[in-house]
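Below is one structure, written out as structure tokens; comments come after it.
Below, chains carry the letters A, B, ... as their sequence lines are ordered, and counting in each starts from 1.
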There are 2 protein chains.
Amino acid sequence: MQKIEQFLDSKDIRVTAMRLLIYKFLAEKQVAVTLSDIENAFEKADRTTLYRTIKTFEEKAIVHKVDDGTGITKYALCEQGCNCEIETDLHLHFHCNNCNETVCLTEHKIPQIKVPDGFVSENVNLVVKGICDKCSGQ
Amino acid sequence: MQKIEQFLDSKDIRVTAMRLLIYKFLAEKQVAVTLSDIENAFEKADRTTLYRTIKTFEEKAIVHKVDDGTGITKYALCEQGCNCEIETDLHLHFHCNNCNETVCLTEHKIPQIKVPDGFVSENVNLVVKGICDKCSGQ
DNA sequence: TCAATAAATGCACTTCCATTGCATTGGTTT
DNA sequence: AAACCAATGCAATGGAAGTGCATTTATTGA
């Protein structure tokens, strides 16, 4: 666990028990999670704390928001290869209509999108919906 | 206005004053609108009516939902060239970070997106964010 | 035309998620 | 140990989405 502590420290975040737990939770999950997911996993903790922890993580570029179109914001750890601040490095997200899970397809970059004259592209969000590998049974 | 009446009729929708007004409102706007936008435009009408009208329009493929990542659902008229039921015909949406407006770039189709083995793509949502032509000043 | 029927509208309420203010706790620093 | 600041917890708010039910309005058909 020393690793996580060092990591948080390197991000200028004070290490607390709660933050370690939440980070661990996110790291174990391979999918983007909602605040409710975290809430269910830590019923002892207050919702606000979780909310603010995630917000802090987001500000420090430890997690990024995932808008998969379900209307509920999800969050996923920024892994190696996830430079979510950099426009040209955005990956896409896949939302499974069956199990309702959303995963980052980090290795799949978003192709260059052309926009009409006068429009300036700063950011791109691309969500593919369908059936994920687990649900399609292969 | 006869045109609109005929159009609604062709979509198997009963023509009412409210529906004509809302349709006209959507047609005049060149951008995707939220329920609140419509609400503000028709303060005399009940929100539920507007909500259900839009829902009806959506079911009859008169409007389509636009999820531009603001967290608030927007709606835009399906124009010629908008076959929003057909997967391969999806256009992309542009959200302006300055004026907060979202427009359909109907003529810009979403490129084919490759997903990993085992994943089945059914639907794609692509939102480009940045500065729109009006705000970029050209 | 008038009754019967169905759809559209309006009102009240609920739920869910996101967010904030304020008090309190706990850890750091000097 | 005192002072300070960040983290946590509690309570409450706000906004959007959605639902149930009563009422009005329009359509149908006897």
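A donor-acceptor distance shorter than 3.5 angstrom exists from the side chain of A:Ser136 to the backbone of B:Gly118, with no hydrogens or angles considered. No side-chain donor-acceptor contact under 3.5 Å links A:Thr49 to the backbone of A:Ala45. For the pair B:Asp9 (side chain) and B:Glu5 (backbone), a donor-acceptor distance under 3.5 Å is absent. Under a 3.5 Å cut-off, the side chain of B:Lys134 and the backbone N or O of B:Ile131 do not form any donor-acceptor pair.
Side chain to side chain, A:Asn100 and A:His95 meet the donor-acceptor criterion of an N or O pair below 3.5 Å. Judged purely by distance below 3.5 Å, without hydrogens or angles, the side chains of B:His93 and B:His91 pair a donor atom with an acceptor atom.
In the helix from C:dT1-D:dA30 to C:dT30-D:dA1, the terminal helix axes, each the rotation mapping four pairs' C1' atoms onto the next four within five end pairs, subtend 10°, rounded to 10°.
For the pair B:Asp67 CG and D:dA17 C1', the interatomic distance rounds to 14 Å; values are reported in whole Å. As rounded to whole Å, 17 Å separates atom P of D:dG15 from atom NZ of B:Lys74. Rounded to an integer number of Å, the gap from B:Tyr75 OH to D:dA16 P is 12 Å. Residue A:Phe42 contributes atom CZ, which lies 15 Å from atom C1' of D:dT8 at whole-angstrom precision. In this structure, A:Glu39 places its CD atom 12 Å from P of D:dG9, rounding to the nearest Å. What separates CZ of B:Arg47 from C1' of D:dA17 is a distance of 7 Å, to the nearest Å.
For A:Phe57, there are no ring-ring contact (aromatic ring centres under 6.0 Å, His included) partners two or more places apart in sequence or in a different chain. Applying the ring-ring contact (aromatic ring centres under 6.0 Å, His included) test to A:Phe94 and every residue at least two apart in sequence or in another chain returns B:Phe119.
Look at B:Lys74 and B:Asp68 and you find a salt bridge, because one of the NZ, NE, NH1 or NH2 atoms lies within 4.0 Å of a carboxylate O, short of that distance.
B:Lys11 NZ: more than 12 foreign heavy atoms inside a 6.0 Å radius. The environment of A:Gln30 atom CD is sparse: at most 12 non-hydrogen atoms of other residues, nucleotides or ligands sit within 6.0 angstrom.
Residue B:Thr56 is classed as having no contact, given no heavy-atom separation below 4.0 Å to the nucleic acid. Residue-level contact check: B:Ser36 touches the backbone only, with heavy atoms under 4.0 Å from sugar-phosphate atoms and none from bases. Looking at heavy-atom distances under 4.0 Å, B:Arg19 makes contact with sugar-phosphate atoms alone, never a base.
With the nearest nucleotide of DNA chain C identified for both B:Thr49 and A:Gly71, B:Thr49 has the one nearer the 5' end. Along DNA chain D, the nucleotide nearest to A:Arg14 and the one nearest to B:Val15 differ in position, and the one closer to the 5' end is contacted by A:Arg14.
Residues in residues 28-49 of chain A take part in these salt bridge (charged side-chain N to carboxylate O under 4.0 Å, His left out) pairs, two or more places apart or across chains: A:Glu39-A:Arg47.
Residue B:Tyr51 places no side-chain N or O under 4.0 Å from the OP1 or OP2 atom of D:dA17.
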Got a list of protein N/O to nucleotides 10-13 of chain D N/O distances below 3.5 Å?
from   : atom 1 : to      : atom 2 : distance (Å)
D:dC10 : N4     : A:Thr48 : OG1    : 3.1
D:dA11 : N6     : A:Thr48 : OG1    : 3.4

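Taking 4.0 Å as the cutoff to heavy atoms of chain B, we find the contact window on DNA chain C bounded by C:dA7 to C:dA12.
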